[in-house]
Novice: 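Got a structure for you, written out below as structure tokens; questions coming shortly.
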Amino acid sequence: ANLYKKDEQYKNASFFTSLFFQNDFDQRIRFDSADLLYEEIEIDDNEAQQFIDFLQLNRYELVEERKKHIARLKELGITNRELNWSVYFERYPNELKFITAIEYALNIDLSEFYT
């Protein structure tokens with residue numbers, strides 16, 4: 001019931017018609033690697049903020065899970081430039097959850113794994 005009410009709040013949201021997220025996502029929304037949060041690039045971009053809220057990208061539990069995953073990868077030495085992390089992620093593709101957070105927080109390019 002609560003999920004329905006949340007969806008109801010966005011039933012006329014402009015992002016459903018503009019579909020900016022299909023082509024302009026990176027020009028409108030950025031990932032803050034310090035806080036591991038998504039944020040609109042322009043402070044007054046209500047459409048981008050509503051989209052972030054609708055997808056619940058910054059939901060507390062999700063952010064905490066992101067932080068734990070990044071911390072665990074750091075403990076594994078993923079930030080070590082001598083480690084071939086490309087091979088690691090090929091071997092353990094489930095470790096690629098939160099790929100954007102991994103790229104920004106650990107400063108590594110994982111574009112070869114985009115599908």
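Every heavy atom of this structure was used, including side-chain atoms; hydrogens, water molecules and symmetry mates were not.
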Novice: Can you classify the ring geometry of Phe51 versus Phe15 as parallel (below 30°), tilted (30 to 60°) or perpendicular (above 60°)?
Specialist: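 Perpendicular.
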Novice: To the nearest 0.5 Å, how far apart are CG in Asp45 and CD in Gln27?
Specialist: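 CD of Gln27 is found 11.5 Å from CG of Asp45.
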Novice: For residues 34-44, which side-chain N or O atoms pair as donor and acceptor with protein atoms under 3.5 Å away, sequence neighbours left out?
Specialist:
{"from": "Glu39", "atom 1": "OE2", "to": "Arg30", "atom 2": "NE", "distance (Å)": "2.7"}
{"from": "Glu39", "atom 1": "OE2", "to": "Arg30", "atom 2": "NH2", "distance (Å)": "3.4"}

Novice: Under 4.5 Å between side-chain heavy atoms, hopping through other hydrophobics if needed: is there a path connecting Phe113 to Phe25?
Specialist: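 In one cluster with Phe113: Phe25, yes.
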Novice: Which pair of heavy atoms, one from Ser33 and one from Ala105, lies closest together, and at what distance?
Specialist: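 Smallest interatomic distance, heavy atoms only, reads CB-N, 4.0 Å.
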Novice: About how many Å separate CZ of Arg91 and CH2 of Trp85, when rounded to the nearest 0.5 Å?
Specialist: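 Nearest 0.5 Å value for the CH2-CZ distance: 15.0 Å.
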Novice: Do Tyr114 and Leu57 belong to the same hydrophobic cluster, where Ile, Leu, Val, Met, Phe, Trp and Tyr are linked whenever their side-chain heavy atoms lie under 4.5 Å apart, directly or via other members?
Specialist: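 Yes, Tyr114 and Leu57 fall within the same hydrophobic cluster.
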Novice: Nearest 0.5 Å, please: how far is CD1 in Ile52 from CD in Gln56?
Specialist: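 With rounding to 0.5 Å, CD (Gln56) is 13.0 Å from CD1 (Ile52).
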Novice: Compute whether any side-chain donor of one residue and acceptor of the other, for Gln49 and Asp53, lie under 3.5 angstrom apart.
Specialist: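 There is such a pair between these side chains.
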Novice: Can you see which heavy atom on Phe20 is nearest to which on Ala48, and at what distance?
Specialist: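 Answer, listing the atom of Phe20 first, then Ala48: CZ-CA, 3.8 Å.
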Novice: Under 4.5 Å between side-chain heavy atoms, chaining through other members, with only Ile, Leu, Val, Met, Phe, Trp and Tyr counted: pull out the rest of the cluster around Phe98, sorted by chain and number.
Specialist: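 Noted: Phe98 shares its cluster with Leu62.
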Novice: Verify side-chain contact (heavy atoms from CB on, under 4.5 Å) between Arg66 and Lys97, making sure each step is shown before the conclusion.
Specialist: CA-CA 9 Å; Arg66 256 187 232 134; Lys97 64 181 180 178; over 6 Å; no
Novice: Assess whether salt bridge (Lys or Arg N to Asp or Glu O under 4.0 Å) is satisfied between Glu75 and Arg72, documenting all intermediate values.
Specialist: CA-CA 5 Å; Glu75 287 176 11; Arg72 197 173 65 68; over 6 Å; no
Novice: For the backbone of Ile102 and the side chain of His69, can you confirm whether one donor and one acceptor N or O come within less than 3.5 Å of each other?
Specialist: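 Judged by distance alone, no pair lies under 3.5 Å.
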Novice: Treat each ILVMFWY residue as a node, draw an edge where side-chain heavy atoms are under 4.5 Å apart, and state whether Ile70 and Tyr92 are in one component.
Specialist: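 The answer is yes; both residues are in one hydrophobic cluster.
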Novice: CZ/Arg28 to OG/Ser18 distance, rounded to the nearest 0.5 angstrom?
Specialist: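 Arg28 atom CZ to Ser18 atom OG measures 6.0 Å (nearest 0.5 Å).
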Novice: How about Tyr88 and Leu76: do any of their side-chain heavy atoms sit closer than 4.5 Å?
Specialist: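 Yes, their side chains come closer than 4.5 Å.
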Novice: Is Val63 linked to Tyr104 within one hydrophobic cluster, defined over Ile, Leu, Val, Met, Phe, Trp and Tyr using a side-chain heavy-atom separation of less than 4.5 Å?
Specialist: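 No; tracing contacts between hydrophobic side chains, which count when under 4.5 Å, never links both residues.
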Novice: Kindly compute the distance separating CZ (Arg59) from CD (Glu64), expressed to the nearest 0.5 Å.
Specialist: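 CD of Glu64 is found 11.5 Å from CZ of Arg59.
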Novice: Are there more than 12 heavy atoms of other residues, nucleotides or ligands under 6.0 Å from atom OH of Tyr60?
Specialist: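 Counting neighbours around OH of Tyr60, 12 or fewer heavy atoms of other residues, nucleotides or ligands fall under 6.0 Å, so no.
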